[in-house]
Amino acid sequence: MITAYTGAQVRAAERPLLESGEGAALMARAAHGLALAVVNALRTRRGRVYGARVAALVGKGNNGGDALFALAELARRGVRTTAVLTSGAAHTEGLAALRAAGGRVAEDLEPADVVIDAVLGTGFTGEFRAPAPRPDAFVIACDVPSGLNADTGAAGDGVWPADATVTFGALKTGLLVGRGKALAGAVEVVDIGLAPHLPAPDVTVLEPADAARLLPTPRPDWHKYSRGVLGLVAGSEAYPGAAVLATAGALATGVGMVRLVAPDAVRHLVLAAHPEVVGTRAPQGRVQAWAAGPGIADDDDQHHALHVALGSGLPAVVDASALEILGRMLAEEQGNGAQWEDARLGEVMVRLAEDRTVAGEHLVLTPHAGELAALLSTFAAGETDLEPPDRGEIEAAPLHWAREAASRLGVTVLLKGPATVCAAPDGTAFVQGQGHPFLATGGSGDTLTGILGALLATTAEGSQAPRPVEVAALAALVHGLAGRVAAADGPYGAGELAPAVRAALAAL
């Protein structure tokens, strides 16, 4: 697993070391790591270090001090180094070291092979205006791209996109989410000795090596029912393909059986592609988990099946059209204490609308930013302290809003995006950014619903069953890796993802 921390957490971890007089040592380690990253970039780009040109935009704080000491080290290796002081002042010792090593201070950025962005560090919040246009050079951000919120990944238009970011002490959450993921470039973490002082991480990233702990281990006594049965509520006459894609994703993930609830025409289409599926018009038979929503549109029978899934008490994925329906159900419950067709469904709705602490994280909502904005807008009608965000606000701070929705509703939230954020009601969060841009295609989310539903079904029972938020992160990992497998042959449609899911799982 990869762990990431907020800027405040890292600064708190530095504090005891600074108070004990180790500040200079911390800066020396950071500067050396930054200098080595510049050296590697120069060797890759021009074949040698001696005679290269490296410039830096330098702020007045410790972030600028790191860059100045790095420039001094590079100058001693025969690099022509220049610092542009953006505030007219600079870290005193760092500036002295640069000048002693033969480096220069200039008024403006000069042409360079590598430019270091070291104006602002992890403590910055607010609006940022870059002191110069981004140069046509390889840009390395010092700790974080200047102007990036290290906690949320939010950034204004003036933040320079970095080709690489060298971050110190620990990975910062803001480099994984929001605009930070795209602005950071390749991220390298330099160990400066903070590990003994770091708290529990802010977020976690599942790596391929973690999958073995979460994926079910094949057993010789397996049969189709003990392996996991998924109840899938998907498709309508208007959107039959959603059921095909969700079913394909589930079967590729290795579930024991799929019980598909769908209209006649949809079932016939799915069975033509996947004859092993058990199809019915209404929910029936034992399942270990549900997945509901892809393509169900305004089909009343499918809405009834969603109610059954929600009231079952079993792990359930709520996706696509089901999210809109759930939002309306929540508004109805908040408004007048609605009478539900099933007592168990009524209990669930009361918990979701009123008592989030016991609602149950077994429900996994899988919205994109627009769907989450709509859900929170509907839900906010009964909340006096929630100003619902618009889509842009969620895209700017996806971790915050995924956590907010999970806490407000007492459910697990998988928020789709360039980096998928999975959040539990207690604030536990995973960020998975392994996907390929080609995954941004119609039907990709339906496939993810099938993957997640299958994993919930196959991991739902037993004393060591993982939390739904972990299963959601695992599904995002598998989906992302499958996207990369499929992309090896170029662009693709979602119909080509299922074979890639098998390949990704085989590799895991």
Side-chain angles (χ1 to χ4, degrees), residues 224-225 228-240 242-243 246-247 249-250 255-267 270-271 277-333 337-353 358-367 375 409-412 446 449-450 452-461 468 471:
K224 60 187 176 185
Y225 300 109
V229 180
L230 173 65
L232 178 61
V233 183
S236 62
E237 291 186 4
Y239 303 105
T247 301
V255 72
M257 180 189 293
V258 174
R259 294 187 186 274
L260 173 68
V261 183
D264 293 344
V266 175
R267 296 201 311 276
V270 172
L271 287 169
V277 170
V278 176
T280 59
R281 188 66 187 96
Q284 56 184 263
R286 182 173 180 268
V287 301
Q288 277 80 41
W290 287 96
I296 66 174
D298 57 359
D299 186 300
D300 289 339
D301 288 336
Q302 293 292 70
H303 293 190
H304 169 75
L306 169 63
H307 291 180
V308 172
L310 291 173
S312 69
L314 295 172
V317 184
V318 183
D319 183 38
S321 301
L323 291 165
E324 181 181 354
I325 298 164
L326 178 61
R328 294 200 300 264
M329 293 167 68
L330 284 168
E332 187 176 352
E333 177 61 42
Q339 297 298 310
W340 302 101
E341 60 191 84
D342 180 90
R344 292 177 301 175
L345 174 61
E347 292 175 2
V348 170
M349 295 312 301
V350 169
R351 291 171 186 161
L352 291 175
V358 295
E361 60 185 68
H362 64 285
L363 297 180
V364 185
L365 279 54
T366 59
L375 179 64
L409 292 166
V411 298
T412 299
D446 301 329
T449 294
L452 176 52
L455 289 173
L456 287 172
T458 57
T459 60
E461 298 181 349
V471 180

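Within the structure, side-chain hydrogen bond (donor to acceptor under 3.5 Å, both in side chains) pairs that include any residue of residues 228-239 do not occur (at least two apart or interchain).
Here the closest heavy-atom approach between residue Ala322 and residue Ile296 is recorded as N-CD1, 4.3 Å. Considering every non-hydrogen atom in both Ala243 and Val266, the closest pair reads CB-CG1, 3.5 Å. What you find for Gly453 and Ala291 is that their closest heavy atoms are CA-CB, 4.2 Å. Considering every non-hydrogen atom in both Leu230 and Ala454, the closest pair reads CD2-N, 3.9 Å. Contact between Thr449 and Pro294 at its shortest, heavy atoms only, is CG2-CG, 3.8 Å. Nearest heavy-atom pair, Leu363 versus Val411, reported as atom, atom and distance to 0.1 Å: O-CB, 3.5 Å.
Between Leu456 atom CG and Trp290 atom CH2 the span is 13.5 Å, to the nearest 0.5 Å. Rounded to the nearest 0.5 angstrom, Ile325 CD1 and Leu323 CG are separated by 9.0 Å.
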Evaluation steps, side chain to side chain contact (heavy atoms under 4.5 Å, CB included), between Met349 and Leu326: CA-CA 9 Å; Met349 295 312 301; Leu326 178 61; 4.1 Å; yes
Pair Val471, Leu452 - check side chain to side chain contact (heavy atoms under 4.5 Å, CB included), show working. CA-CA 7 Å; Val471 180; Leu452 176 52; 4.0 Å; yes
Test log, rule side chain to side chain contact (heavy atoms under 4.5 Å, CB included), inputs Met329 and Leu345: CA-CA 11 Å; Met329 293 167 68; Leu345 174 61; 4.0 Å; yes
Give the C-alpha distance, both sets of side-chain angles, the deciding distance and a yes or no for side chain to side chain contact (heavy atoms under 4.5 Å, CB included) between Val278 and Val229. CA-CA 10 Å; Val278 176; Val229 180; over 6 Å; no
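For the side chain to side chain donor-acceptor pair (under 3.5 Å) test, no residue two or more places apart in sequence or in another chain qualifies with Thr247. By the side chain to side chain donor-acceptor pair (under 3.5 Å) test, Thr366 is found to be paired with Asp319, residues two or more places apart in sequence or in another chain being considered. Evaluation of the salt bridge (Lys or Arg N to Asp or Glu O under 4.0 Å) rule for Arg267 yields Asp264 as partners, not counting sequence neighbours. Partners of His303 according to the side chain to side chain donor-acceptor pair (under 3.5 Å) rule, which considers only residues two or more places apart in sequence or in another chain, do not exist here.
Judged by distance alone, with hydrogens and angles left aside, the side-chain atoms of Gln302 form a donor-acceptor pair with the main-chain N or O of Gly235 at under 3.5 Å. In this structure, the side chain of Thr412 does not engage the main chain of Val364 through any donor-acceptor pair within 3.5 Å.
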Under 3.5 Å, side-chain donor or acceptor atoms of residues 255-262 against the rest of the protein: list the pairs with distances, not counting sequence neighbours.
{"unit_1": "Arg259", "atom_1": "NE", "unit_2": "Arg286", "atom_2": "O", "d": "3.2"}

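More than 12 heavy atoms of other residues, nucleotides or ligands shown are found within 6.0 angstrom of CG on Asp342.
With salt bridges taken as basic N to acidic carboxylate O contacts below 4.0 Å, none links Glu332 and Arg328.
Residues Leu375 and Pro367 form no side-chain contact, since every pair of their non-hydrogen atoms from C-beta on lies 4.5 Å or further apart.
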